[in-house]
Amino acid sequence: LRPDAVSLLLKQNGTKYQTVKLTAKDALTAAEKKAAGISDEMDVWDKEVPVSSVDENGKAYTYTVEEPTVPSPYTLESTSSDAKTGIYSVTNLGTSSLTIRKTTKGPGADEDNTAFTFTVTLTQPGSTKAYTGRTLKLYKNGSTTGEDIQTDAKGTCTVSLRSGESAKIDFIPIGTGYTVSEDGKQAEYYTTSYTSDKQTTETTLQDNSRTVTGTVAPKDASFVAFTK
């Protein structure tokens with residue numbers, strides 16, 4: 001779902017200079033994107049904004065571009081500039097979510113209030129490079145009030161769940177690779193089954209290695225059930 005418009009803030013020497021609004025009317029054509037080496041899957045909106053290069057004393061101005069409000073469900077991926085060409089780029093990526101569910105079944109499962117820890121590792125779309133310093137939203141058990149979580153230097157974050165609980169990690173760029181692992185010895189007596197992206201696999205894993213990998217899809221990706 002593409003936004004109708006995007007507003008960027010152009011600053012001159014750190015001070016607001018102009019608000020620049022881009023719409024689909026500013027989109028590059030398929031031929032223009034091909035000539036620039038840009039994937040046809042990307043929408044690129046381009047607008048030329050006249051500015052003064054120097055002040056009345058001949059001192060060069062410094063310009064920067066910011067995106068104060070990123071349209072949902074997108075996330076700000078990067079901003080860049082080229083002083084030689086005067087081109088400023090702002091990249092937004094569409095986002096989706098990853099939902100982790102924990103279930104224990106079998107004798108005594110109703111009394112099991114053990115907290116299980118899951119480590120989530122994210123890699124950048126089309127790459128093995130870790131998604132470091134990424135701020136995401138965590139929603140527990142269907143709550144509409146989320147909390148901020150951030151991936152560390154290895155692209156990981158952790159979630160703690162008890163049986164019957166779920167966690168939705170939102171605003172993950174589509175195409176992001178994920179690995180979800182259940183940590184610790186608390187699950188060593190469990191036979192593992194999981195559901196991931198509409199595929200169900202049942203397996204007994206060795207040495208407490210309970211790991212599922214996948215790619216964040218445009219629709220919510222879901223994972224995981226552990227069966228006692």
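Numbering of residues begins at 1 and proceeds along the displayed sequence.
Taken to the nearest 0.5 Å, the OG1 atom of Thr69 stands 11.5 Å off from the CG atom of Leu76. Atoms CG and OG, on Leu8 and Ser89 in that order, are 10.5 Å from each other to the nearest 0.5 Å. Taken to the nearest 0.5 Å, the OG1 atom of Thr99 stands 8.5 Å off from the CG atom of Asp170. Summarising the geometry, atom CG belonging to Asp40 is positioned 9.5 Å from atom OG1 belonging to Thr29; distances are rounded to the nearest 0.5 Å. Once rounded to the nearest 0.5 Å, the distance linking CG of Leu138 with NZ of Lys168 reads 11.5 Å. Tyr61 OH to Thr15 OG1: the interatomic distance, rounded to the nearest 0.5 Å, is 10.5 Å.
Counting only residues at least two apart or on different chains, no ring pair (Phe, Tyr, Trp, His ring centres under 6.0 Å) pair has a member in residues 35-60. Among residue pairs with one or both ends in residues 67-94, those qualifying as salt bridge (Lys or Arg N to Asp or Glu O under 4.0 Å) are Glu77-Arg134; sequence neighbours excluded. The ring pair (Phe, Tyr, Trp, His ring centres under 6.0 Å) contacts involving residues 127-162 comprise nothing, where partners must be two or more places apart or lie in separate chains. Residue pairs meeting the salt bridge (Lys or Arg N to Asp or Glu O under 4.0 Å) criterion with at least one partner in residues 3-16, sequence neighbours excluded, are Lys11-Glu66.
Within a 6.0 Å radius of CD in Gln150, more than 12 heavy atoms belonging to other residues, nucleotides or ligands are found. For Lys47, the NZ atom counts as densely surrounded, since its 6.0 Å shell holds more than 12 non-hydrogen atoms of other residues, nucleotides or ligands.
The minimum heavy-atom distance between Ala153 and Thr132, with the atom names listed, is O-CG2, 3.0 Å. Nearest heavy atoms, Val54 versus Ala60: CG1-CA, 3.9 Å. Closest approach of Tyr178 to Thr215, counting heavy atoms only: CE2-N, 3.5 Å. Nearest approach of Ile149 to Cys157, heavy atoms of both residues: CD1-SG, 3.9 Å. Across every non-hydrogen atom of Arg162 and Glu165, the tightest pair is N-OE1, 2.8 Å. When every heavy atom of Ser160 is checked against every heavy atom of Ala115, the shortest pair comes out as OG-CB, 3.6 Å.
Put simply, the side chain of Thr176 does not reach to within 4.5 Å of the side chain of Leu98, judged on heavy atoms. Side-chain contact between Asn13 and Asp55 is absent, with no heavy-atom pair separated by less than 4.5 Å. Side-chain atoms of Val65 and Ser81, non-hydrogen and from C-beta on, never get closer than 4.5 Å to each other. The shortest side-chain heavy-atom distance between Val6 and Lys21 does not fall under the 4.5 Å cut-off.
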Exercise for review: Determine, step by step, whether Ile169 and Leu122 satisfy the side-chain contact (heavy atoms from CB on, under 4.5 Å) criterion, reporting the C-alpha distance in whole Å, the side-chain angles of both residues, the deciding distance to 0.1 Å, and the verdict.
Suggested key: CA-CA 11 Å; Ile169 304 175; Leu122 303 179; 5.8 Å; no

Give the C-alpha distance, both sets of side-chain angles, the deciding distance and a yes or no for side-chain contact (heavy atoms from CB on, under 4.5 Å) between Ser72 and Phe171.
-> CA-CA 9 Å; Ser72 182; Phe171 296 104; 4.3 Å; yes

Should Asp26 and Asp46 be marked as a side-chain contact (heavy atoms from CB on, under 4.5 Å) after you check the CA-CA gap, both sets of side-chain angles, and the distance that decides it?
CA-CA 5 Å; Asp26 302 305; Asp46 177 83; 5.7 Å; no

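Using a 4.0 Å cut-off between charged side-chain N and carboxylate O, Lys140 and Glu147 make no salt bridge.
Applying the salt bridge (Lys or Arg N to Asp or Glu O under 4.0 Å) rule to Asp43 yields the partners Arg2; only residues at least two apart in sequence or on another chain are considered. Checked against ring pair (Phe, Tyr, Trp, His ring centres under 6.0 Å), Tyr17 has the following partners two or more places apart in sequence or in another chain: Tyr63.
Of the options Thr95, Leu93, Asn92, a side chain to side chain contact (heavy atoms under 4.5 Å, CB included) to Tyr74 is made by Asn92 and by none of the others.
Connection of Ile87 to Leu9 is not established within any shared hydrophobic cluster, with ILVMFWY side chains joined at heavy-atom distances below 4.5 Å, either directly or through further cluster members. Taken together through direct or relayed side-chain contacts under 4.5 Å among Ile, Leu, Val, Met, Phe, Trp and Tyr, Val120 and Ile174 form parts of separate hydrophobic clusters.
When atom types are taken as modelled, the side chain of Thr151 and the backbone of Gly133 share a donor-acceptor pair closer than 3.5 angstrom. Of the possible donor and acceptor atoms, one in the side chain of Lys33 sits under 3.5 Å from a partner among the backbone N and O of Met42.
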